[in-house]
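Structure first, commentary second.
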Amino acid sequence: MLENIMRNIPFFSQSKRYIAFTLGGVLGLLLILSPLEVFAREDKRILAEQKALELVKEQVVKSKRASVGWRISQSLSRPELTGQDTGSTQLRVVVYFTKNVDQKLLDKLKGLGAAIETSRANRVQLNADKGVIENISTWPEVGFIGTPHTATAQSVVAESVDASGANLFHERGITGKGVKVGIIDLGFFGYSMLTGTELPEDVTKENFRHDLCGFSYCPSQTHGTAVAEVIHDMAPDAQLYLAAVSTTDEFLDAIEWMEEQGVDIVNCSLGYELCGPINGQGWCSKRAGEMRLRNILPVFAIGNSGLSHWAGENIDANGDGLVEVDEDYQSIYFSSGGYEEVSISANWDDWGDNPEEAHSDQDIDLLILSPIPGTDDYERIAMSIEPQEGRPGQMPIEATSFYTAPGRDYYIFIVNTDTTRTVKVHVFLQSYEMIIFDPNIPAESLLQPSDSPLAVAVGAADLTGHLFDYSSRGPSWDGRVKPDITGFAGLSTVVEPGFSGTSAAAPTVTGAAALLKQAFPDFGPDQLQATLELLAHDIYLPGQDNGSGTGLLDISRAAHSPASPTTGFWWNPARDGSGISIQRGQHSDFVALYSYTNDPTGSLPLWYSASGIMHTSITGPIDLLKWHGWPIGGPVSDFTPNTTGKLSIFYFDDRSGVLQVQEPSTNTIQRQQIERFLFAQPPTDATDQRNGWWWDSTLPGNGIFIDVQGNTLFAAWYHYDMSGNPRWWTFSGQTSSNDETLMADILEWHGGPCLFCPQKKPAPQSVGHVELTFNGPDAAVLNWITQDGLSGVYHLTRFPF
């Protein structure tokens, strides 16, 4: 029986693969259990709760854990948690101080014989003799001492090349040449034997681990090598930069190094559960997201905790000290099919405003019990009883690890040791074997740093597009949809013959991004992510969802020469009433969408606009503005745009593409296939100087978009009604020359579909008459009159943008 108290998740010393049985197979075994076996299991669970209550009363609730020194001697007595040999007294710890670390403090630590491995803000990761650490724990400026938070590899190739469409890029000679790709991972053992074959001839590497693992000495640490193989298969000429890490501070050091190397994309197939709250504000996630601000696209595995995660409030209705995990039980059950190292952790929402300076005072503990075979007694397998007493450095986390035995049952108890309010608790299990919680909560099972709003979080599907049940789900704690996209898992590599999990899926997305970067060199991180998402196809729920994100990786439709759109009207032929005015200028794009309000009558038109820097083959992602302003015919006044989402358009050629609009308040994404709206024969004359946006600069907030095809002119007029609501009119007619006056009726449109609604055909109504005369390439006069007596003369010029 393990008597030691575990403190934090140790790094996994081996990169094993998931056992090849499916969730359906596991459930099938459960379904064939006889009623007597089911009742016997229920009896075991009841007995486990009774035993847990005894231990809670004896050892958890009543234990006094105020002394840091006592905690050091009890919690850090397992040398293997620090990567040291079993007989060593050296320990790797993180010391949290009550102030930021300066050189004087570092010198004081070194004077005791402590080896400083990394330091930042108010903490120092060091390696020292146990006696030295006990000495340090007595310093008044020491708030807390803990073991480092370490990463877990998220693993459970050519196959992904064809499945993703990367092969079509290869056929065009696009192989990632000139693109720098960074890989942050646990270890790259065996990489040197694969250079020139499965990996590039030359790679750049740096070891940030402070133990013997990284690139040699640890034959089991092949996880990073497998990730590198997948990326090399997808983008064989990309330049690779390899960084080995384990702890969170080593991870942060590796990010700084990647930025110094000037990489374009970083892949990280690791996950942390305890690096702060899972809302993008933890220190790992925030720092990882900052890479994007330095023009680097971060791509992260979302995690494999879809079946091994529980979340709920720490409700103890009967006051016995144990949290109810559902309406029937006070424990989370799981079993194991073999001898596997498992890590169990709890993370709850008591981080405060700055997670790096946490001082949690909601004390929750973990207790794991297992029936002793052949008896009615229970064994205490592990406990984690870190203090949360409001002291600096005390974080709202508990974690422990142990090895399972074949056929054993295990029960996890969440203990309300000393809490004064309700908090939401998340419990994770990490293992290389597929283990299922009962009950399990897939939602919010994502790991850090994939929760960063600036990172691409990647879920996992098989080569047929079936989403794996183990793939972690969103949303993040703050309600954002995650993952962002889904990649392929179940791949063949030399070092990992059955490389699966989100560890394998993330590098398929990274490799695809490298191909896009070579094909479209002007793309930055925003354009790369937008293109990946625009081209993905649904495999789970329609639109964006917390299972697959925007869908499954597929870049095949981008494997052509760079395209630019034809200035003019575009639309979705499957949605009458949809319309997009697109003008591509010399340096920027200007886009307007017309739609309708979402109400039973659909009576109020809407119009949106978006403008931004022009990129090859893509518009956006750029802010989408919704407009309100002064009524036509009335006095000119202020007009008000409100940011309402993001718009992106990827162009397959000059007449077709895909549009994506994201509504931020609901995280709703709508994608539509769009094409050039052709209304005349011969088709559009892209060189006609009349095409594009026009306005009267004395009347801001109005705009007229003109598209001439052959001898037909079509115009849309954007303005407002007497209530300041958007409205849009159209007029069209025949025109054979630039100086001819066009006379046409004005149509006002009502009743069509809203942007996120089912199709609904709009109805036009004649409201007036216009006369349009061009006086040269950049000047025109518009005379207009309406049936209700309004009229005006607009002196139009080209709209500058």
Side-chain angles (χ1 to χ4, degrees), residues 1-7 26 29-30 32-65 74-75 77-78 80-81 308 310 314 316-346 364-386 398-417 425 427-431 433 435-440:
M1 180 171 63
L2 297 178
E3 295 293 338
N4 294 321
I5 302 165
M6 310 300 178
R7 295 180 54 87
V26 175
L29 292 174
L30 297 178
I32 63 174
L33 291 175
S34 68
L36 289 177
E37 289 172 310
V38 173
F39 287 131
R41 175 167 290 170
E42 295 302 304
D43 289 342
K44 287 182 179 180
R45 199 162 193 167
I46 292 171
L47 290 172
E49 292 184 6
Q50 293 173 350
K51 182 66 174 179
L53 286 173
E54 295 175 11
L55 288 169
V56 165
K57 292 175 183 177
E58 294 173 6
Q59 301 180 42
V60 179
V61 174
K62 292 183 179 180
S63 64
K64 184 65 174 177
R65 304 179 313 246
Q74 294 296 314
S75 301
S77 57
R78 285 191 63 197
E80 62 267 34
L81 287 181
S308 54
W310 176 90
N314 62 323
D316 176 18
N318 60 12
D320 63 3
L322 302 179
V323 171
E324 282 85 25
V325 300
D326 63 15
E327 60 183 11
D328 297 317
Y329 300 115
Q330 293 178 290
S331 64
I332 303 167
Y333 164 81
F334 72 93
S335 63
S336 173
Y339 296 100
E340 289 289 333
E341 185 180 20
V342 299
S343 293
I344 298 170
S345 63
I364 292 173
D365 294 306
L366 286 179
L367 170 65
I368 296 92
L369 303 180
S370 177
I372 300 174
T375 73
D376 291 331
D377 201 2
Y378 279 73
E379 181 180 12
R380 189 186 74 200
I381 298 297
M383 294 174 64
S384 181
I385 55 173
E386 291 294 341
E398 296 288 345
T400 184
S401 66
F402 55 90
Y403 279 88
T404 62
R408 292 286 295 266
D409 294 330
Y410 299 91
Y411 299 92
I412 304 169
F413 294 91
I414 306 163
V415 184
N416 261 349
T417 300
V425 184
V427 178
F428 293 88
L429 183 147
Q430 294 294 321
S431 172
E433 177 188 355
I435 291 178
I436 303 172
F437 273 179
D438 176 21
N440 71 74

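These numbers come from the heavy atoms of this one structure, side chains and all, not from hydrogens, waters or symmetry mates. For the single chain, residues carry numbers from 1 onward in sequence order.
- Taking Asn318 as the reference, Asp320 meet the side-chain hydrogen bond (donor to acceptor under 3.5 Å, both in side chains) condition, with sequence neighbours excluded.
- For the side-chain contact (heavy atoms from CB on, under 4.5 Å) test with Ile414, the passing option among Asp365, Leu367, Ile364 is Ile364; the others fail.
- Atom CG in Leu369 sits 8.5 Å away from atom OH in Tyr378 (nearest 0.5 Å).
- Closest non-hydrogen pair, Asp326 versus Asp328, comes out as OD1-N, 2.9 Å.
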side-chain contact (heavy atoms from CB on, under 4.5 Å) evaluation trace for Val415 with Leu322: CA-CA 5 Å; Val415 184; Leu322 302 179; 4.1 Å; yes
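- Annotation for Phe413 and Ser331: closest pair CE2-CB, 3.4 Å, computed over non-hydrogen atoms.
- For Phe428, the ring pair (Phe, Tyr, Trp, His ring centres under 6.0 Å) criterion is met by His309, not counting sequence neighbours.
- Under the 3.5 Å distance criterion, the side-chain polar atoms of Glu398 are left unmatched by any main-chain donor or acceptor of Leu366.
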Step by step, would you call Val342 with Ile435 a side-chain contact (heavy atoms from CB on, under 4.5 Å)? CA-CA 9 Å; Val342 299; Ile435 291 178; 3.7 Å; yes
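- When atom types are taken as modelled, the side chain of Glu324 and the backbone of Ala317 share a donor-acceptor pair closer than 3.5 angstrom.
- No donor-acceptor distance shorter than 3.5 angstrom exists from the side chain of Thr400 to the backbone of Ser384, with no hydrogens or angles considered.
- Here the straight-line distance linking atom CD1 of Ile436 with atom CD1 of Ile332 works out to 14.5 Å at 0.5 Å rounding.
- To the nearest 0.5 Å, atom CD1 of residue Ile344 and atom CD1 of residue Ile412 are 3.5 Å apart.
- Between Arg408 and Pro373 the shortest side-chain heavy-atom distance falls below 4.5 Å.
- Side chain of Asn416 to main chain of Asn314: a donor-acceptor pair is present (N/O by atom type, distance under 3.5 Å, no hydrogens or angles).
- Of the possible donor and acceptor atoms, none in the side chain of Ser370 sits under 3.5 Å from a partner among the backbone N and O of Glu379.
- For the pair Gly338 and Thr404, the tightest heavy-atom approach, listed with the atom from each and the gap, is O-OG1, 2.8 Å.
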Which is it for Leu429 and Trp310 under the side-chain contact (heavy atoms from CB on, under 4.5 Å) test, yes or no, and what are the steps along the way? CA-CA 9 Å; Leu429 183 147; Trp310 176 90; over 6 Å; no
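- A donor-acceptor pair under 3.5 Å is absent between the side-chain atoms of Glu341 and the main chain of Ser401, judged by distance alone.
- When ring centroids are compared, Phe334 and Tyr410 come within the 6.0 Å threshold.
- Asp316 places a side-chain N or O within donor-acceptor distance of the main-chain N or O of Gly321, the cut-off being under 3.5 Å.
- For Phe437, there are no ring pair (Phe, Tyr, Trp, His ring centres under 6.0 Å) partners, not counting sequence neighbours.
- The minimum heavy-atom distance linking Val325 with Pro439 is given by the pair CG2-CD, 4.0 Å.
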